[in-house]
Enquirer: 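Pasting a structure below so you can have a look.
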2 protein chains.
Amino acid sequence: MNFTISEENYIKSIYHLQQQSGIVNTNSLAAQMQTRAASVTDMLKKLKNKKLLQYERYKGFKLSETGKKVALQVVRKHRLWEFFLVEKLKFDWDKVHAIAEELEHISSDELVQRLDNFLGNPSFDPHGDPIPDKNGRIPTINQQNLTNIPLKKTVTVSSVGNQAPQMLEMLKHYNIALGTQVSVLNKFEFDGSLQIKILKQNPCIISEQVAKNIFVHYAE
Amino acid sequence: MNFTISEENYIKSIYHLQQQSGIVNTNSLAAQMQTRAASVTDMLKKLKNKKLLQYERYKGFKLSETGKKVALQVVRKHRLWEFFLVEKLKFDWDKVHAIAEELEHISSDELVQRLDNFLGNPSFDPHGDPIPDKNGRIPTINQQNLTNIPLKKTVTVSSVGNQAPQMLEMLKHYNIALGTQVSVLNKFEFDGSLQIKILKQNPCIISEQVAKNIFVHYAE
DNA sequence: ATTAAAATTTAGACAAATCTAAAAATATTT
DNA sequence: AAATATTTTTAGATTTGTCTAAATTTTAAT
Ligand SMILES: [Mn+2]
Ligand SMILES: [Mn+2]
Ligand SMILES: [Mn+2]
Ligand SMILES: [Mn+2]
């Protein structure tokens, strides 16, 4: 089956929201999609008709199994294109999301498969998010939040939570990228901020807000 | 200014049609776009309002200077993406048109420029058509139709006229691609067919219809 | 110069995706 | 439990792009 760009965007947003909360409600989806609740309700009816959604009015909703499959293919395309933009076209990681938001709707399945191979079948996108394979399977990572790492342990940055351009720009200033090695020197009770040591740099302090969006794994 | 996918498709089609005939009429555009004349008229009004078109009702139409610029940027994107699909993703040249028809509408200017550089600033697409540069300038080629080449002269295939999948598939069977060296051994008066010799192959005969769609230049 | 044919435009309708404003259902507070 | 607030849905419009059928204009043929 084939879906419109708008349907695909809705499906993908619902997928991301239900990952966190299990079930999704109208207002939060409207916020995510930057649209009005009334527009969301209209689309929910369409998606329900197409059997992509479990939805009863006033009760919230979540994707059906079919809907989840569609979502995973869109996510796959989004992340593969982001990888292409950063690795091949040398875009900064904070500039690729908007472009991938368009590219993810190119429909050819063969294109996706060839792109995947061309890129060397990557497992993670430039923000550290896992890339579903063509069957929708998602590689798992054993990662933890930086706020939970014991002092002086050296760990490697593996992904970022909040991926707003403002956040990514900030990490660029701190010189933190995926793969960067860090250790936590100190935890300040007062505001939850962390003093960290980045490999080959002087120690610096990051706010709790930033630290909560940095995920890491222990170096191999 | 930004245009819808539909507007861009219309603009590009008008551009191609007026290349041949100078001025375009409603029915030929409707045929090209696989839509109805009434739909064309509706769109012509919109494009005229946006100053992209010189148009008076019942009198035919052609692109304004602005319209031509827009068309050339869409053509540029289409042909760059085709080049990418064939050179990087190893698609056959008869499979890329439909996909490029979608990719040409991705809006980021920076993407186009980076893609161009990544591909090595190619001058011609996989079908031998020139790729406009970012200012809309088109590289010229000194090419002639295969039917006009004197006998026994060796020439190089540089582009194909009719690019329907059926035509491209046929050339694949004949083992004719861009860059292939051929010479004309014989011209048959009866049906205009040509006996040709392709480098490293036995002589074969192609119909006048096919020959008229093969363009060549003299080898350097 | 009429008439017939072809090309083009208009009139009116429809589907998709959006919006505002109002109504209905649900949740929260007193 | 009743009143109030919040969330969600409906009603009705709007924009974009398309269509069919009918009307108009231009072109070609008698
Ligand atoms: Mn998108
Ligand atoms: Mn990403
Ligand atoms: Mn197109
Ligand atoms: Mn081409």
Side-chain angles (χ1 to χ4, degrees), chain A residues 1-14 17-18 20-63 67 70-71 74 101-102 104-105 107, chain B residues 1-15 17-18 20-63 67 70-71 74 101-102 104-107:
Chain A
M1 207 158 286
N2 247 8
F3 305 100
T4 67
I5 290 175
S6 197
E7 286 170 338
E8 286 188 351
N9 283 332
Y10 271 97
I11 291 165
K12 194 180 57 150
S13 282
I14 296 168
L17 286 172
Q18 77 181 27
Q20 303 173 317
S21 38
I23 199 145
V24 188
N25 52 349
T26 305
N27 272 345
S28 53
L29 182 53
Q32 175 91 359
M33 298 282 302
Q34 309 209 69
T35 187
R36 301 313 177 116
S39 311
V40 168
T41 303
D42 287 344
M43 181 57 86
L44 293 178
K45 289 179 197 162
K46 287 175 207 163
L47 296 179
K48 186 184 181 177
N49 268 335
K50 297 191 177 185
K51 317 263 188 211
L52 297 165
L53 206 61
Q54 288 167 26
Y55 165 55
E56 273 183 285
R57 60 203 234 298
Y58 291 106
K59 303 285 183 188
F61 47 91
K62 59 181 175 182
L63 295 174
V70 174
V74 180
E101 203 53 53
E102 293 184 51
E104 71 190 359
H105 306 292
S107 56
Chain B
M1 209 158 284
N2 247 9
F3 305 99
T4 67
I5 290 174
S6 198
E7 286 170 338
E8 286 189 349
N9 283 332
Y10 271 97
I11 292 166
K12 195 180 58 151
S13 282
I14 296 168
Y15 173 80
L17 286 172
Q18 75 181 28
Q20 304 174 316
S21 40
I23 198 145
V24 189
N25 51 351
T26 305
N27 271 345
S28 53
L29 182 53
Q32 176 90 359
M33 297 283 302
Q34 309 210 70
T35 185
R36 300 314 176 115
S39 310
V40 169
T41 303
D42 287 344
M43 182 56 87
L44 293 178
K45 288 179 197 162
K46 286 175 207 163
L47 296 179
K48 186 185 181 176
N49 268 335
K50 296 193 177 185
K51 316 265 188 210
L52 297 165
L53 205 61
Q54 288 166 25
Y55 166 54
E56 274 182 283
R57 59 204 234 297
Y58 291 106
K59 302 285 183 186
F61 48 90
K62 60 180 174 184
L63 295 174
V70 175
V74 179
E101 203 54 52
E102 293 183 52
E104 71 190 358
H105 305 291
I106 305 293
S107 56

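The chains referred to below are lettered A, B, ... by the order of the sequence lines, with proteins before strands, and numbering in each begins at 1.
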Enquirer: Select one nucleotide: of C:dT10, D:dG17, C:dT18, the one nearest the side-chain heavy atoms of A:Ser39.
Expert: C:dT18

Enquirer: Is it true that a side-chain atom of A:Glu8 and a backbone atom of A:His105 form a donor plus acceptor pair closer than 3.5 Å?
Expert: no

Enquirer: So which heavy atom on B:Leu29 is nearest to which on B:Ser13, and how close?
Expert: CD1-CB, 3.7 Å

Enquirer: Which whole-number value in Å describes the distance from B:Leu29 CG to C:dT8 P?
Expert: 10 Å

Enquirer: Tell me: CG of B:Asp42 to C1' of D:dT15, nearest whole Å?
Expert: 13 Å

Enquirer: Nearest-nucleotide wise, let me know which of B:Leu44 and A:Thr35 is further upstream toward the 5' end of DNA chain C.
Expert: B:Leu44

Enquirer: In whole angstrom, what separates B:Lys50's NZ from D:dT16's P?
Expert: 7 Å

Enquirer: Ignoring hydrogens and geometry beyond distance, is a side-chain donor-acceptor pair present between B:Asn25 and B:Ser28 at under 3.5 Å?
Expert: yes

Enquirer: Return the polar atom pairs (N/O with N/O) between nucleotides 4-8 of chain D and the protein under 3.5 Å, or none.
Expert:
from	atom 1	to	atom 2	distance (Å)
D:dT8	OP2	A:Asn27	N	2.8
D:dT8	OP2	A:Asn27	ND2	3.4

Enquirer: For residues 43-52 of chain A, which residue pairs qualify under salt bridge (charged side-chain N to carboxylate O under 4.0 Å, His left out), counting only residues two or more places apart or in two chains?
Expert: A:Glu7-A:Lys50

Enquirer: Grab the CD-C1' distance between B:Gln34 and D:dG17 for me, whole Å please.
Expert: 16 Å

Enquirer: For B:Gly60 and B:Tyr55, which heavy atoms make the closest approach, and how far apart are they?
Expert: O-CD1, 3.8 Å

Enquirer: Distance check needed: C:dA17 C1' versus B:Ile5 CD1, whole Å only.
Expert: 14 Å

Enquirer: Looking at B:Leu53, B:Val74, B:Leu63, which hits side-chain contact (heavy atoms from CB on, under 4.5 Å) with B:Ile11?
Expert: B:Leu63

Enquirer: For C:dT18, take OP1 and OP2 only and decide whether either is under 4.0 Å from a side-chain N or O of A:Arg36.
Expert: no

Enquirer: Should A:Lys46 be listed as having a side-chain N or O under 4.0 Å from OP1 or OP2 of C:dA16?
Expert: no

Enquirer: Is there side-chain contact between A:Phe61 and A:Leu44, with at least one heavy-atom pair below 4.5 Å?
Expert: yes

Enquirer: Measure NZ/B:Lys45 against P/D:dT15 and give the value in whole Å, please.
Expert: 16 Å

Enquirer: Which whole-number value in Å describes the distance from A:Met33 CE to C:dA16 C1'?
Expert: 14 Å

Enquirer: How many Å lie between CG on B:Asn2 and C1' on D:dT15, as a whole number?
Expert: 17 Å

Enquirer: Does B:Thr4 make a side-chain N or O approach to OP1 or OP2 of D:dG17 shorter than 4.0 Å?
Expert: yes

